[in-house]
Structure formats: C-alpha cells, structure tokens
Amino acid sequence: MSSDEGTSVDAPLPAAAMGDEKANLTSKLLSDPGLMQAFGGHLESLIGSKSSYIDSMPKSMKRRIRALKKIQVEYSHIEAKFYEEVQALERKYTDLHRPLDDRRRKIVMGEYEPTEEESVVKCEEDEDDEDMEEEDEDEDEKDQGPKIVDVDENGEPLDEEPSASKSDTVKYDQSTQGIPEFWLTALKNVDVIAPLIQENDEPLLRHLTDIELKHYEAPLGFDLIFHFSENKYISNQSLAKHYDMKIEVDEKDPFSFEGPQITGCNGCEINWQKGSDLTVKTVKKKQKGKGKGQPGKTVTKQVPAETFFSFFSPPDAPDQDIDEEEMTDEQEEALSVLATDYEMASFIRDHLIRKAVLVFTGQHVGDEGEGSMFDLDPEEAMAMQAMQAGGAGGANPQECAQQ
C-alpha cells in the first residue's frame, strides 16, 4: 500500500534495493570515525566476557561446562610436563651441537681450512658451478686489453666517483683468513637487532668470535655468551646475559598457560679500557652566569649513549604481583622493553646460534606466522635501546669472563 504522498509504507523493499541499503549503511559506518570507535569499544567490552548463551544454560549444562574446564586444567599440567621434557631434550642436544659449534668457530676464525670435499653442499652444487663460471668470465674480461675510460676535453681521464657500495665494501682476496665480520654481519641481517648496532659499536663487534648457548636445569634458564678476541676496547674475554625461565601452571589463571616463559634477566659488567666506554658519551653544557652580564661556565659531563652493548644492562623487571592498572609509566615502559628483549633472546637462542651461516647469507627468513624476529617492529628495538641507555641496569649483574 501507498500513502497520499506516494511514499511506500508497508511494501517490502526488493532484494536488490535491500542489498543497496546494506551497502550504504556499511559505507556510512566505515566512514564515520565516531561510530567505528563506539563499535570497536563495544567489541572490546565483549572480549573475555561470558556469553549470554552460557548464562542462559540450565544448571546441569553449566555443571558439565565446569567439568570440562577442570579437564582443561589437567591438559595444562600435562602440557607443562611435556615442555619440561622438551627443555631436557634441548639441554641434551645443545651438548651434541658443541663439536659442530667448535668446527664452525675454527673455520670462521681461520684456524681450520676446509677441504673441497668438506665444502660440497649437495643442494647448492649447481649454484656453485654458476659462480665458478662467472669468475671465469671475470678473468676473461681482465685479459681483453686495457680498460676504456672517459676523458675530458684535454684528454685527461675523468675521476670516477666511488659509489657508496664500493667505498663501504671490504676487499678480500685469496690470502684472507677465515670469514671476517661473520657475527657482525649476521647480527646486522636481523631487522630488530640491526637498529641497535651503532657505527661506534662495529669495531668491537668485529672481534666477536662466537655466540654460545648454555642451559641450566635448576633453576631453569639459559645464558647467551658473546666471545671476543683480544682487542683494545674491553678486557673481558666474553660477555654473558642470563635469562630465568619457568614452566608453571598458574593456579589462579591456569587457562593462560602457553609453555615456557622468560621471567627475568641479568646482564654483566663490562670492563672497558680507558676512554673506550661505548655506553656513555661526553657532552658540553654551558651554565648560566651567576650575575647579570657574567658569562656562564662550560662544563662537561657524561651521559648515556645509544649502543648495542646496552643489551648487557637490561632494566629491572617490575614486580609481577603489581596489577597492570597500578603500574607507573616507567614500569610499563620497562615491561615493554623487556618483552622485546626476551623475544630477541629467544631468536638468538633458537635461530641465530643454530643457523648462523643462513642468517649471515640472508637465507634464513624466520618462522612464518610464529612471531618471527624479522617481523618485529625495529622501533621497538630502538625503544629498548633508549630505555637501556637511560642507565637502568638489571639487578645483580653477573661476572663476565676476564682475560
């Protein structure tokens, strides 16, 4: 039916018209920030809340749901046992990896020269053949006569402006020992670690000879140990960082159990040679004069500097008993920094140490869909560095190995 004004009152809209109406409403919703914010807030309020469907169940069904939840708690405890056995296997196989770690270190450091037979990688034979052909072509080009160069109007050769890639590339030849800058290159190939490495850090990181993993059973945890050759920057032979772990089902919140957790970490004291401390920098600051017209004094002081080596001075972890709503801004920032730190440590432990050559060559791409370190935002790494450079050192720094 229609009214006198010709406007439909009772007649339903055709299917096509209803589709257009839905599209228009959707468009209006998406283009209205206020509506989207309100809708998003409503969705957030539903997360973690009980379904009205559950609330409407009869008591007998609710009892069955509670029984299933009790079974779920048992699942969590069995899963914890599973992860305890996994940790035991990790300790066992880390020890089995030691001879491989040592062979890799000797090749990287030039202490051992692998034979042709030891250098054959079945999956890369064709690629190696192509590389050899390219080298032969390069040699042929060298024998084709003098190089043709551009000259100016007076017949003088024009100076070539070296490209950034040429000037930054280190030149190696057949006399080069080992694989120089192996670990520095590998670290710089990890997106979340690269921003932490400053230009001033690189000379010391060129002396990095190995990164070692050491597991502990009781209390549960692991060390990341960075070994260095003799250098003019630090007297330490190695720098270590210890991580505490736990595999426990929280009886207050058993459904949140997701496996092993890193609960804290301690760095170590770095013994810098005089004038070589990369964690601080000297700045000059002009003070105001005491009286009108009197010039102020210029004073120098040391302030924290951004450096990769702040990694060994983590911030203190906030008390785990503190409610998130009661945390100060500093505690929240420290918690965020430590979360990024723990993910970095997990990547170094699970990927970098075991697959160092693939990270070095850029062939390692991380675990897709599992929070790969390559997917982390480098800004988080910068925030971590800024926080650590602020002078907040982890409690009870352990002794680092001395020469």
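Just so you know, these numbers use all the heavy atoms, side chains as well, and skip hydrogens, waters and symmetry mates.
- Nearest approach of Lys241 to Gly267, heavy atoms of both residues: CG-CA, 4.3 Å.
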>> Test side chain to side chain contact (heavy atoms under 4.5 Å, CB included) on Lys232 and Gln273; report intermediate values, then the result.
In response: CA-CA 7 Å; Lys232 64 180 182 180; Gln273 301 287 10; 5.6 Å; no

> What do the steps show when you test Leu278 against Phe308 for side chain to side chain contact (heavy atoms under 4.5 Å, CB included), and what is the final call?
Replying inline: CA-CA 9 Å; Leu278 298 173; Phe308 169 81; over 6 Å; no

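- Within 6.0 Å of atom CZ in Phe255, more than 12 heavy atoms from other residues, nucleotides or ligands are found, so the atom counts as buried in its surroundings.
- No side-chain heavy atom of Glu343 sits under 4.5 Å from any side-chain heavy atom of Val192.
- Checking side-chain atoms of Asn231 against main-chain N and O of Ser229 turns up a donor-acceptor pair under 3.5 Å.
- A donor-acceptor pair is defined here as one N or O able to donate and one able to accept, closer than 3.5 Å; such a pair exists between the side chain of Asp201 and the backbone of Gln198.
- A distance of 7.0 Å separates OG of Ser346 from CE of Met245, quoted to the nearest 0.5 Å.
- At a cut-off of 3.5 Å, with distance as the only test, a side-chain donor of Thr361 or Gln363 sits close to an acceptor on the other residue.
- Side chain of Asp223 to main chain of Ala240: no donor-acceptor pair is present (N/O by atom type, distance under 3.5 Å, no hydrogens or angles).
- For CD of Glu251, the number of neighbouring non-hydrogen atoms (other residues, nucleotides, ligands) closer than 6.0 Å is greater than 12.
- Considering only heavy atoms from C-beta on, Arg103 stays 4.5 Å or farther from Pro114 through its side chain.
- In this structure, NZ in Lys81 is found 15.5 Å from OH in Tyr83, a value given to the nearest 0.5 Å.
- Leu213 and His215 make their closest contact through CD2-NE2, 3.5 Å (heavy atoms, listed as atom of the first residue, atom of the second, distance).
- Comment: Arg206 engages Glu202 in a salt bridge, judged by a side-chain N to carboxylate O separation of less than 4.0 angstrom.
- Atoms NE2 and CD1, on His207 and Ile234 in that order, are 9.5 Å from each other to the nearest 0.5 Å.
- Between Lys106 and Asp102 there is a salt bridge, since a side-chain N of the basic residue sits under 4.0 Å from a carboxylate O of the acidic one.
- Ring-plane geometry between His351 and Phe347 is classed as parallel, the angle between the planes falling under 30 degrees on a 0 to 90 degree scale with a further cut at 60.
- In this structure, the separation between CZ on Arg104 and CZ on Phe182 is 6.0 Å, given to the nearest 0.5 Å.
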> Between Ile197 and Leu205, is a side chain to side chain contact (heavy atoms under 4.5 Å, CB included) present by the stated rule, with each step listed?
Replying inline: CA-CA 9 Å; Ile197 300 175; Leu205 287 174; 3.8 Å; yes

> Step by step, would you call Arg105 with Glu111 a side chain to side chain contact (heavy atoms under 4.5 Å, CB included)?
Replying inline: CA-CA 8 Å; Arg105 182 191 60 78; Glu111 298 174 9; 3.3 Å; yes

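- Closest approach of Val359 to Asn189, counting heavy atoms only: O-ND2, 2.9 Å.
- Separating the CZ atom in Phe311 from the CG atom in Leu239 is a distance of 10.5 Å, to the nearest 0.5 Å.
- In plain terms, the two heavy atoms of Ser76 and Pro254 that are nearest each other are OG-O, 3.4 Å.
- In this structure, Lys62 contributes its side chain and Asp55 its backbone to a donor-acceptor pair below 3.5 Å.
- The one candidate from Phe309, Phe312, Tyr233 that meets the ring pair (Phe, Tyr, Trp, His ring centres under 6.0 Å) condition with Trp272 is Phe309.
- Side-chain polar atoms of Tyr112 and Glu118 form a donor-acceptor pair below 3.5 angstrom.
- Side-chain atoms of His227 and Glu212 form a donor-acceptor pair, as typed in the model, at a separation below 3.5 Å.
- Atom CG of Asp341 is separated from atom CD1 of Ile262 by 8.0 Å, given to the nearest 0.5 angstrom.
- In this structure, Tyr172 and Pro180 have side chains that are in contact, with non-hydrogen atoms separated by less than 4.5 Å.
- Looking only at atom types and distance, the side chain of His242 has a donor-acceptor partner in the side chain of Asp244 under 3.5 Å away.
- You'll find the side chain of Arg354 reaches within 4.5 Å of the side chain of Thr94, heavy atoms only.
- Using a 4.5 Å cut-off on side-chain heavy atoms (C-beta onward), Val280 and Pro304 make no contact.
- Among all heavy-atom pairs drawn from Leu352 and Ala186, the shortest one is CD1-CB, 4.0 Å.
- Two residues are said to be in side-chain contact when any heavy atoms from C-beta on lie closer than 4.5 Å; Gln87 and Ile247 meet this criterion.
- Between the side chain of Asp329 and the main chain of Glu332, no donor-acceptor pair closer than 3.5 Å is present.
- Taking the side chain as every heavy atom from C-beta outward, Glu74 and His77 never approach each other to under 4.5 Å.
- By the 30° and 60° cut-offs, the orientation of the rings of Phe222 relative to Tyr243 is parallel.
- Taking 4.5 Å as the limit, every side-chain heavy atom of Val108 sits out of range of all side-chain heavy atoms of Thr209.
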